[in-house]
Protein chains: 2
Amino acid sequence: MRKQAANNGQDLAWLRKCAIRCAGYEQRESDKLMPPKISDVARLANVHPSTVSRALDPTKRSRISDEIVARVTKIANDIGYRPNAVAASMRTGSTRTIGVVVHDVNDPIYPPLIKGLEDAVLDTGLMVMLGNGGFSADRASGLVDRMIARAVDGIVLATTVLDDPLVEKCLAAKIPTVSMVRYPRDGSVTSVVNDCVSGMEQMTQHVIECGHQRVACIAGPQTSSAGHNRLIGVRSSLHRSGIDLPPEFLKITDQPRMEAGYAATMELLSLATPPTAIICVNDVVAMGAMRACRELGVSCPEDVSITGFNNVAFTEFVAPGLTTVAVDFQRIGDLAGRALLSEIEGKCPQKNIQTVPCHVVSRDSLRVI
Amino acid sequence: MRKQAANNGQDLAWLRKCAIRCAGYEQRESDKLMPPKISDVARLANVHPSTVSRALDPTKRSRISDEIVARVTKIANDIGYRPNAVAASMRTGSTRTIGVVVHDVNDPIYPPLIKGLEDAVLDTGLMVMLGNGGFSADRASGLVDRMIARAVDGIVLATTVLDDPLVEKCLAAKIPTVSMVRYPRDGSVTSVVNDCVSGMEQMTQHVIECGHQRVACIAGPQTSSAGHNRLIGVRSSLHRSGIDLPPEFLKITDQPRMEAGYAATMELLSLATPPTAIICVNDVVAMGAMRACRELGVSCPEDVSITGFNNVAFTEFVAPGLTTVAVDFQRIGDLAGRALLSEIEGKCPQKNIQTVPCHVVSRDSLRVI
DNA sequence: TTGTAAGCGTTATCAG
DNA sequence: CTGATAACGCTTACAA
């Protein structure tokens, strides 16, 4: 003890090298030097571990004498002490980690959501655990199981369907949960979404104003609020203008990916009287539609207009420039992150649905006829 | 005890409802029902917690009598017991979680890397913790600190520069580490990269074969192996063909983003004798170059050819179709995941650099002159 | 202001 | 094949 006390005044550089051994610690198992722990710091500083804990915690630092805070801080730095977050989690019940479930990070809507989310929670010290459900309910469910097992402090679901067992699972596990981009029918979790109905109404209105009467729609799965509401938006605007949406002009896809857009467009364009405009549930589907046009030698927008939704990163560079609906995913991610933080901090006012507006971006894939 | 034993033969459905309470457990703190723990299962099954642990572990299940395995399994299911992974980590030292550090998930090279990685490690039960360094060394460093504090089993760095303090930090923390897409100069960690030198040589050769003599290059930061090697590839091919790369034709960017490509191209095209071809370090920079062309009223590829690198998701849809170098990022992610698994399992044969080949994809942005 | 002691929920190790 | 015990590293009442 006295020997250690004497060391405190000296240059502590040597501590870094021989660390624990030099201070007379017993050898750790299998002579594999373990990282320094709180008790190592405590011994070197001649204080109790709990004092170290307090000295190193900005919240409680004030209750410790300046001298000890300084000594402890220095020694901790010198020997490269890092609090073991796992052990802390065990005690506090908080892992300072949140889980995020998406379908596939390759879908261009997710990166800005993820980034917005991370940015929103980063200063609070939270980390993000990411899982790609890959459109498989089982895989997504397994992912959530693991997140729960790892005691994440909260979960953000971006895969929510209207009746979602995953939402129930998170709720049953009493884990703060937020849904983004989609919401469950029962509103059982706070959700941050864009206004799909309005977005599609605006787009459809725009299409109609361009003179289109034969309007087709490649819709998304009706099991998700986004797919459902976007179709509602199309229908509502069409109806208001007295335009019919005949069954052969409505293609509902299971997975709104490029292949689906391609396949649906191949069918639409081989109709006896094909549509003059195709409203797609999203940009990726619209790209598939464009590819089908190219293969069929049908010109877009000369022969057929195509519209997208989401305004994902590359849409401004495609040819023809895709007319679409801009959605601020980064902001949605940000709001979802803040909402989750509120839930985690326990101040959850009400489960609610936050809606961010979206608006049409006119480019070249939609033309006036 | 006897009472519980009797219950085992009965319908255990009621257990789910009243769970712990019904079995005569003392009330848990603040009457907030905590999730069931291993000892809860143990009591209900009339066995010791360690027996439950073994019965539920596929590895050790064989050492337990079938009868007990069945009983324990049923009860665990009935009361919805989930092993607390945090507590297990505390004991085993393994969190079954890996950290992944990228610059920005919005950069289209990262999603396939991340997905490939996740797919590679998913069956082994690992989860992925994601961090966006955002081109800030400090932020990335903080991210790694937190990952280490959370005791991740391994780290995959996709932000590695030739002399990387982050690599050293991971190594110092004795954490299995793998680098992807880039490697450190000293080869101190196993790395999985694409063959940038060869890729750029092929591309440059292709440009030369198209008859270009005035070839410019918008290079990436020379602090990273990718940026460095791609420029080497350009230089090497040019040199072999006896073509000069004058200083004004070489633009080196700090952050190879769209803005950089735009700015560099604006300069290149305002030269007295501008280049006829611009070789860009990546697709995103090439998009910036294309935008500059559009603004300047310079036609691509009529007036100037532009090439990219990476063949990211949207390149085939842009106009003109971008001639680029295809890199299989999903595969790189997969290999990085496998490499990390080997490191984690301790069978790290040698630190090495795995190189996956890449090849030119010809589209329309490069033309014969 | 600092020390004491009790856990957090698992699993490894050793006994039986 | 199963049970008992200890330990993983930290935090936090409570006590001094």
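Below, read A as the first sequence line, B as the second, and so on, with proteins coming before strands; counting in each chain starts at 1. As the structure is a computational prediction, the values presented were derived from the model and not from experiment.
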Do B:Glu343 and B:Arg338 sit within salt-bridge range, that is, some charged N less than 4.0 Å from a carboxylate O?
no

Would you mind checking if A:Asp334 and A:Lys115 are paired as a salt bridge, meaning a charged N to carboxylate O distance below 4.0 Å?
no

Let me know the distance between [atom1] of [X] and [atom2] of [N], rounded to the nearest Å.
X        : N     : atom1 : atom2 : answer
B:Arg71  : D:dC1 : CZ    : P     : 15 Å
B:Arg150 : D:dG9 : CZ    : C1'   : 16 Å
B:Asp40  : C:dG9 : CG    : P     : 9 Å

Atom pair CG/CD1 of A:Asp153 and A:Ile98 - distance to nearest 0.5 Å:
9.0 Å

The complete set of salt bridge (charged side-chain N to carboxylate O under 4.0 Å, His left out) pairs with one or both residues in residues 82-97 of chain A, sequence neighbours excluded, reads A:Arg82-B:Asp145

Output all residues satisfying side chain to side chain donor-acceptor pair (under 3.5 Å) with A:Asp104, sequence neighbours left out; order by chain, then residue number.
A:Asn106

Applying side chain to side chain donor-acceptor pair (under 3.5 Å), can you list everything that pairs with B:Ser136, at least two apart in sequence or on another chain?
none

How would nucleotides 10-16 of chain D be written as a contact map, 5' to 3', with B for base contact, S for sugar-phosphate-only contact and - for no contact, using protein heavy atoms under 4.0 Å?
BBBB---

Does some side-chain heavy atom of A:Val41 sit less than 4.5 Å from a side-chain heavy atom of A:Pro36?
no

What does B:Val86 touch in the nucleic acid at a heavy-atom separation under 4.0 angstrom: a base, only the sugar-phosphate, or nothing?
nothing

Taking five pairs at each terminus, the helix from C:dT1-D:dA16 to C:dG16-D:dC1 shows an axis bend, to 10°, of 40°

Name the atoms and distances for all side-chain donor-acceptor pairs under 3.5 Å in residues 122-133 of chain A, with sequence neighbours left out.
| unit_1 | atom_1 | unit_2 | atom_2 | d |
| --- | --- | --- | --- | --- |
| A:Thr124 | OG1 | A:Val121 | O | 2.6 |
| A:Asn132 | OD1 | A:Val105 | N | 2.7 |
| A:Asn132 | ND2 | B:Glu118 | OE1 | 2.7 |

